[in-house]
Amino acid sequence: MKVAIIGAGIAGLTMAIALKRANIPFVIYEATKEIKPVGAGIAIANNAMQVYRYLGVADQLNERGVRISTVKLTDFKLNLLNSTDLTPYEQQYKLANIAIHRSELHQVLLNAIDRENVVLGKRIQNIEKRADGLYELTFTDNSKATHEYVIGADGIRSQVRQFVFGDHPLRDAKQVCWRGVLDFDLPPTHNHVALEGWGKGKRFGFVKLDSKQVYWYFLVDEDKYIKQPELKDHLADCAPLVAQMITQTPPSELHIDKIYDLQLMQQWYKDKVCLIGDAAHATTPNLGQGACQAIEDVYVFSRLLEQFTLDEALQKFPVIRRKKAHSIVRNSWQLGQIAQLSNPVLVAARNTAFKVLPAFLKDKQMKEMFELDKVY
């Protein structure tokens, strides 16, 4: 097989679809013994949906997901601070933003490739270039594989990045995030709405995944978490609806993570090894663009394959993608700092500012986010 894709997450599976379309042989190596998505829910924004339409799977995702037509920002009691109507972008691109369970997304992506090309239980232990120019991959079970190209789609703590590109430090946002999913009856006013509520050093968000399931997340500053590591201890001042959905979530559906991003790195390609997605430009989740930017990586690469060789496409794609991906990383980090303000005076000023945020600024940000990079 010509190409090794390391990681069977969203980036790796989307890349596999692109390679299959181009008739380029590949194998996906996944460290886990079972593809079991963690995180419960995900929003696929319009830019990523445009890519999936190009790759031929947008219709399947629309069938399994829920349209998001409005993004609302509120305070911690659900009082509205700002609202963004997404329907103009739906009309422009003939596509909607959707919320979907990660397992449903993975199922659609897996169905679009040959599953025999996905090898589970293969955690990378070493990558070494041989004298003949091929890469020898060694896995922790002592098995080996040989490939001409290696694509690192193995996330923020990428082993491919470590072995081939060296140390690139993560940046600690000093925030802790709980996530969960449950069957919950949301009021009809929350249909087709992605909502985020900002408090003092903490925030929450939720969105419907289907007619029954709701996906939620809750972030607190790390210092608050250290003092009170139980999520229930942070719910006293939030909206009763939010406290109710969180406390009713089965423990098996709760996930907790610290928030990091990757300090900006310029080199994503080196001698037939290429990084995509979080391995190259991991971002904090504040703009909902982490997976979407990985999906955009694949779009640019796939479009380049229409005119160039595999090696040329892999070399050219980072040059095109760096500007937007790095902009998303920077903007997401800044928004996360604003969202987590805890000083009461600054919180009041922040909330007032977002209430009067000019529509043209929101429109400018959305256009920049949803517009795909020009390839040629």
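Position 1 is the first residue of the sequence, and the numbers go up from there. These numbers come from a predicted model, not from an experiment.
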| Salt-bridge contact Lys212-Asp210 (side-chain N to carboxylate O under 4.0 Å) | no
Tell me if a side-chain donor or acceptor on Thr247 pairs with a main-chain N or O of Gln244 at a distance below 3.5 Å.
yes
Between Leu195 and Tyr217 the two heavy atoms that sit nearest each other are O-OH, 4.4 Å
Quiz item: With distance as the sole test, does Lys77 use its side chain to make a donor-acceptor pair with the main-chain N or O of Asp237 at under 3.5 Å?
Solution: yes
Closest non-hydrogen contact found for Cys177 with Ile259 is CB-CD1, 3.8 Å
>> A side-chain contact here means heavy atoms from C-beta on lying under 4.5 Å apart; do Val193 and Val207 qualify?
In response: no
Donor on one side chain, acceptor on other, Asn82 and Lys355, under 3.5 Å: no
Quiz item: Can you tell me if Asn62 uses its side chain to pair, donor with acceptor, with the backbone of Ala58 under 3.5 Å?
Solution: yes
query: Taking the six-membered ring of Tyr29, is the NZ or CZ of Arg123 close enough (under 6.0 Å from the centre) and on axis enough (within 45°)?
result: no
Sequence neighbours excluded, the answer for salt bridge (charged side-chain N to carboxylate O under 4.0 Å, His left out) partners of Asp311 is none
More than 12 heavy atoms from other groups under 6.0 Å of NZ on Lys20: yes
Between Tyr299 and Tyr54, does the ring centre distance come in under 6.0 Å? yes
Stepwise, does the side chain to side chain donor-acceptor pair (under 3.5 Å) test hold for Thr87 with Ser69? CA-CA 6 Å; Thr87 53; Ser69 59; over 6 Å; no
### Message
Can you confirm if the aromatic rings of Phe354 and Trp198 lie within a centre distance of less than 6.0 Å?
### Response
yes
### Task
Determine, using the 4.5 Å side-chain heavy-atom cutoff (strictly less than), whether Val329 and Leu219 are members of one ILVMFWY cluster.
no
For side chain to side chain contact (heavy atoms under 4.5 Å, CB included), just list the numbers for Val118 and Ile113, CA-CA rounded to whole Å, side-chain angles, deciding distance to a tenth of an Å, and then say yes or no. CA-CA 9 Å; Val118 182; Ile113 63 173; 3.8 Å; yes
For this session: Give the C-alpha distance, both sets of side-chain angles, the deciding distance and a yes or no for side chain to side chain donor-acceptor pair (under 3.5 Å) between Asn343 and Arg350.
Result: CA-CA 10 Å; Asn343 180 289; Arg350 174 198 68 189; over 6 Å; no
For the residue pair Tyr149 and Tyr135, is the inter-centroid distance of their aromatic rings smaller than 6.0 Å?
no
Only one of Ile127, Leu137, Val150, Val273 passes side-chain contact (heavy atoms from CB on, under 4.5 Å) with Phe163, and that residue is Ile127
Interatomic distance, CG@Asn351 vs CG@Leu81, rounded to 0.5 Å, equals 4.5 Å
query: Is it true that the NZ or CZ of Arg157 lies under 6.0 Å from the centre of Tyr260's six-membered ring and within 45 degrees of the ring axis?
result: yes
Given 3.5 Å as the limit, does a donor-acceptor pair link the side chain of His192 with the main chain of Arg67, or not?
yes
- Message: Looking at Phe370, is its backbone amide N or carbonyl O close enough to the side chain of Gln50 to form a donor-acceptor pair, meaning the two atoms are under 3.5 Å apart?
- Response: yes
Ignoring hydrogens and angles, tell me if any N or O in the side chain of Thr309 forms a donor-acceptor pair with the backbone of Glu312 under 3.5 Å. yes
Query raised in the report: With the 4.5 Å side-chain cut-off for hydrophobic clustering, are Leu120 and Met15 part of the same group?
Result: yes
> Tell me, do Phe206 and Phe184 make a side-chain contact under 4.5 Å, heavy atoms counted?
Replying inline: no
Gly336 and Gln175 have their tightest heavy-atom pair at O-NE2, 3.5 Å
Determine, stepwise, if the pair Glu30 / Lys33 fulfils salt bridge (charged side-chain N to carboxylate O under 4.0 Å, His left out). CA-CA 8 Å; Glu30 167 58 34; Lys33 295 182 178 180; over 6 Å; no
Note to self: The test is side chain to side chain contact (heavy atoms under 4.5 Å, CB included); show your working for His147 and Val3 and say whether it passes.
What the structure shows: CA-CA 6 Å; His147 292 270; Val3 179; 5.7 Å; no
Taking every heavy atom of Ser158 against every heavy atom of Ala279, the minimum-distance pair comes out as CB-CB, 3.6 Å
| query | Any ion pair linking Lys324 and Asp373 (charged N to carboxylate O, less than 4.0 Å)? | reply | no
When you measure from the side chain of His281 to the backbone N and O of Ile276, does any donor-acceptor pair fall under 3.5 Å? no
Problem - Tyr225-Trp178 aromatic ring centre distance below 6.0 Å - result: yes
Scanning both residues in full, the closest heavy-atom pair of Ala112 with Ile17 reads CB-CD1, 3.7 Å
Between Glu230 and His234 the two heavy atoms that sit nearest each other are O-CD2, 3.3 Å
- prompt: Would you say the side chains of Glu90 and Asn97 form a donor-acceptor pair under 3.5 Å?
  reply: no
Requested in this report: Output, in order, the C-alpha distance, side-chain angles, deciding distance and verdict of side chain to side chain donor-acceptor pair (under 3.5 Å) for Thr138 and Lys144.
Outcome: CA-CA 5 Å; Thr138 304; Lys144 296 180 184 292; 3.1 Å; yes
> Using a distance-only test with no angle check, is there a side-chain donor-acceptor pair under 3.5 angstrom linking Asn47 and Glu371?
Replying inline: no
Would the number of heavy atoms belonging to other residues, nucleotides or ligands and lying under 6.0 Å from NZ of Lys129 be above 12? yes
Quiz item: Regarding Gln340 and Asp221, is there a side-chain donor-to-acceptor distance under 3.5 Å anywhere?
Solution: yes
Item to check | Other residues, nucleotides, ligands: >12 heavy atoms within 6.0 Å of Asp185 CG | outcome: no
| Sub-4.5 Å side-chain heavy-atom contact between Ile35 and Leu110 | yes
Would you mind reporting whether Arg179 and Tyr215 have side-chain heavy atoms less than 4.5 Å apart?
yes
*asked:* Could you check whether any side-chain heavy atom of Arg321 comes within less than 4.5 Å of a side-chain heavy atom of Gln293, counting everything from C-beta outward?
replied: yes
> Would you say Arg161's side chain and Ile156's backbone share a donor-acceptor pair under 3.5 angstrom?
Replying inline: yes
- Flag, side chain of Asp297 to backbone of Gly277, donor-acceptor distance under 3.5 Å: yes
Original post:
When you look at Val242 and Phe76, which way does the side chain to side chain contact (heavy atoms under 4.5 Å, CB included) test go after all the steps?
Top reply: CA-CA 9 Å; Val242 176; Phe76 227 48; over 6 Å; no
Practice problem: For the residue pair Ser83 and Lys72, confirm or rule out a side-chain donor-acceptor distance under 3.5 Å. | Solution: no
Notebook entry, point to check: Taking the side chain as C-beta and beyond, is there a heavy-atom pair between Ile151 and Phe26 under 4.5 Å?
Noted result: no
Distance-only side-chain donor-acceptor flag, Thr283 / Trp333, under 3.5 Å
no
| query | Can you find a pair of side-chain heavy atoms, one from Ile295 and one from Ile10, that are under 4.5 Å apart? | reply | yes
Next on the checklist: Is the shortest side-chain heavy-atom distance between Lys272 and Glu148 below 4.5 Å?
Outcome noted: yes
- Message: Between Lys316 and Phe308 (side chain of the first, backbone of the second, donor and acceptor by atom type, cut-off under 3.5 Å), is there such a pair?
- Response: no
Side chain to side chain contact (heavy atoms under 4.5 Å, CB included) for Leu335 and Leu287? Distances and angles first, verdict last. CA-CA 8 Å; Leu335 183 61; Leu287 292 174; 3.7 Å; yes
I'd like to know whether Asp363 forms a salt bridge (charged side-chain N to carboxylate O under 4.0 Å, His left out) with Lys367, so could you lay out the CA-CA distance, the side-chain angles of the two residues, the decisive distance to 0.1 Å, and finally the verdict. CA-CA 6 Å; Asp363 186 54; Lys367 285 181 177 177; 3.2 Å; yes
